[in-house]
Amino acid sequence: MQRESIERVLKAYHVGTSKDGKTIWWQIDYDGRVRTGKLMLYKDDGHRNRDEKNSFDWIHTRLRKVKWYDPEKNVMETCPFGMHLAKVYPRATVNVVESEKTAIIMAIAYGNPNTNIWIALGGKSFLSRSKLQPLIDAKRKILLYPDQDGIKEWREKMKAIGYKNMKLAQSLVIDKNNPKKDCGDYIIERLYEIQAEREKRALGNIPTAEELARYNEEQCKLLDLIAGNPTVDKLIEIFNLELQF
């Protein structure tokens, strides 16, 4: 089940891999046209590999180098990652995050594109009316999930855009020790904690009252994050974990 769910999401978003080991986040617009692809190198722990040279690139840049793309004849404009799914699932709420990786994590976690799809702008500075225009024209419900350090900026831009059916999500991840933390980071963090609890129980160790209290408090935060979504248990199932109190 875990493998099937992950493969389904990767296929839906057309996530690829380059010959030099970079992840390709293909940008396909609302009408299903491929705009370009963002290539990013990641470490084994899932974080960006900023230590290597040329760890970031664009498909259209590579095509231009081999003269397969001429920007003077065909102007390329980027679009949100996952935008093509908005037309495939016309009734789904469109949840907007900053990074492509977060969009994939949340798509796996929620598991039902008929009700929720996730798209990524590629950075907090890219929230604009032009990027979301197809959604606005279609009168779609939009929820914004910025990183912590982008909440103020996205709130101001949301007001400037002036689309009444777009709001900041009620539950945003707040961690004073990590201003770049987002909902995807929180999901991964909780999975590690749950896995650690599972391994601890397997060794026969009984959690203390303080550990249980902390665990329950953190679990409430998770439930608040995905309030109203009945697929919360799906996340545990996808990663083959046991959630016990």
Side-chain angles (χ1 to χ4, degrees), residues 1-15 25-32 79-122 126-127 129 131-147 150-151 154-155 158 161 163-173 181-191 194 219-241 243:
M1 188 62 190
Q2 174 186 359
R3 190 179 192 83
E4 292 177 357
S5 298
I6 294 174
E7 288 181 348
R8 174 181 56 77
V9 171
L10 295 179
K11 183 177 180 180
Y13 283 84
H14 300 284
V15 180
W25 306 114
W26 291 104
Q27 294 188 1
I28 306 172
D29 66 20
Y30 188 78
D31 293 316
C79 71
F81 171 73
M83 178 62 90
H84 63 289
L85 294 177
K87 195 168 188 178
V88 177
Y89 300 100
R91 298 180 180 276
T93 295
V94 181
N95 303 281
V96 183
V97 297
E98 292 188 28
S99 81
E100 295 85 355
K101 184 183 72 173
T102 297
I104 291 295
I105 291 172
M106 299 308 291
I108 294 172
Y110 278 79
N112 186 0
N114 290 303
T115 57
N116 281 282
I117 62 170
W118 296 81
I119 69 173
L121 297 178
F126 297 118
L127 178 62
R129 187 179 187 91
K131 295 294 184 185
L132 302 178
Q133 195 62 54
L135 304 177
I136 296 174
D137 292 342
K139 299 180 179 180
R140 300 294 292 272
K141 179 180 179 180
I142 303 172
L143 288 180
L144 304 178
Y145 287 84
D147 292 0
I151 294 176
W154 278 25
R155 182 182 286 112
M158 178 185 67
I161 292 171
Y163 178 53
K164 294 182 179 180
N165 209 17
M166 177 170 63
K167 300 178 180 179
L168 279 177
Q170 292 182 353
S171 297
L172 295 173
V173 175
K181 192 173 184 179
D182 64 13
C183 50
D185 295 324
Y186 185 79
I187 292 294
I188 295 299
E189 181 180 285
R190 288 297 298 125
L191 286 173
I194 292 170
Q219 178 63 10
C220 287
K221 291 181 181 179
L222 177 61
L223 293 176
D224 181 61
L225 176 65
I226 52 180
N229 192 315
T231 58
V232 58
D233 292 333
K234 195 69 173 180
L235 178 61
I236 307 302
E237 179 183 352
I238 288 173
F239 290 86
N240 194 29
L241 302 171
L243 184 59

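Residue indices begin at 1 and follow the sequence shown. Quantities reported herein were computed from a predicted structural model and do not represent experimental measurements.
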Inset, instruction - Heavy atoms only: give me the nearest Thr102-Gly184 pair and the separation to one decimal. - result: CG2-N, 3.7 Å

Legend entry - From Ile105 atom CD1 to Ser99 atom OG, the distance as rounded to the nearest 0.5 Å: 7.0 Å

Inset, instruction - Please step through side chain to side chain contact (heavy atoms under 4.5 Å, CB included) for the pair Thr93 and Trp118, ending with a clear verdict. - result: CA-CA 9 Å; Thr93 295; Trp118 296 81; over 6 Å; no

Inset, instruction - Examine distances only and state if a side-chain atom of Arg140 and a backbone atom of Ala86 form a donor-acceptor pair shorter than 3.5 Å. - result: yes

Legend entry - Tyr89 and Thr115, any side-chain heavy atoms less than 4.5 Å apart: no

Legend entry - Flag side-chain contact, heavy atom, 4.5 Å: Lys167 against Leu144: no

Inset, instruction - Compare all side-chain heavy atoms of Tyr145 with those of Val96 and state whether any distance is below 4.5 angstrom. - result: no

Legend entry - Heavy-atom side-chain contact between Ile108 and Ile6 under 4.5 Å: yes

Inset, instruction - Would you please indicate if the ring centroids of Phe81 and Trp26 are separated by under 6.0 Å? - result: no

Inset, instruction - Applying side chain to side chain contact (heavy atoms under 4.5 Å, CB included) between Ile119 and each of Leu85, Val94, Val97, report the one that passes. - result: Val94

Legend entry - Qualifying salt bridge (Lys or Arg N to Asp or Glu O under 4.0 Å) pairs with a residue from residues 100-109, counting only residues at least two apart or across chains: Lys38-Glu100

Inset, instruction - For residues Ile28 and Met83, determine if any side-chain heavy atom of one lies less than 4.5 Å from a side-chain heavy atom of the other. - result: no

Inset, instruction - Taking all non-hydrogen atoms of both residues into account, name the closest pair between Asp31 and Lys87 and its distance. - result: OD1-NZ, 3.1 Å

Inset, instruction - Verify, without hydrogens or angle tests, whether Asn95 (side chain) and Ile117 (backbone) share a donor-acceptor contact under 3.5 angstrom. - result: yes

Inset, instruction - Using the side chain to side chain contact (heavy atoms under 4.5 Å, CB included) rule, take Arg129 and Ile136 through it: C-alpha gap first, then chi angles, then the decisive distance, then the call. - result: CA-CA 8 Å; Arg129 187 179 187 91; Ile136 296 174; 3.7 Å; yes

Inset, instruction - Hey, could you give me the CH2/CG distance between Trp154 and Leu168, rounded to the nearest 0.5 Å? - result: 9.0 Å

Inset, instruction - Could you tell me whether the side chain of Asn165 reaches within less than 4.5 Å of the side chain of Lys139, counting heavy atoms only? - result: no

Inset, instruction - Drop me the distance from Arg91's CZ to Asn114's CG, to the nearest 0.5 angstrom. - result: 10.5 Å

Inset, instruction - Return the orientation label for the His84 and His14 ring planes: parallel under 30°, perpendicular over 60°, tilted otherwise. - result: tilted

Inset, instruction - Provide the full list of salt bridge (Lys or Arg N to Asp or Glu O under 4.0 Å) pairs with a residue in residues 107-121, sequence neighbours left out, each pair given once. - result: none

Inset, instruction - Ignoring hydrogens and angles, tell me if any N or O in the side chain of Glu98 forms a donor-acceptor pair with the backbone of Pro146 under 3.5 Å. - result: no

Inset, instruction - Answer whether the closest heavy-atom distance between the side chains of Tyr163 and Ile142 falls below 4.5 Å. - result: yes

Legend entry - Between CZ on residue Arg155 and CG on residue Leu127, distance to nearest 0.5 Å: 12.5 Å

Legend entry - Polar side-chain atom of Asp147 near backbone of Gly150 as donor-acceptor pair, under 3.5 Å: no

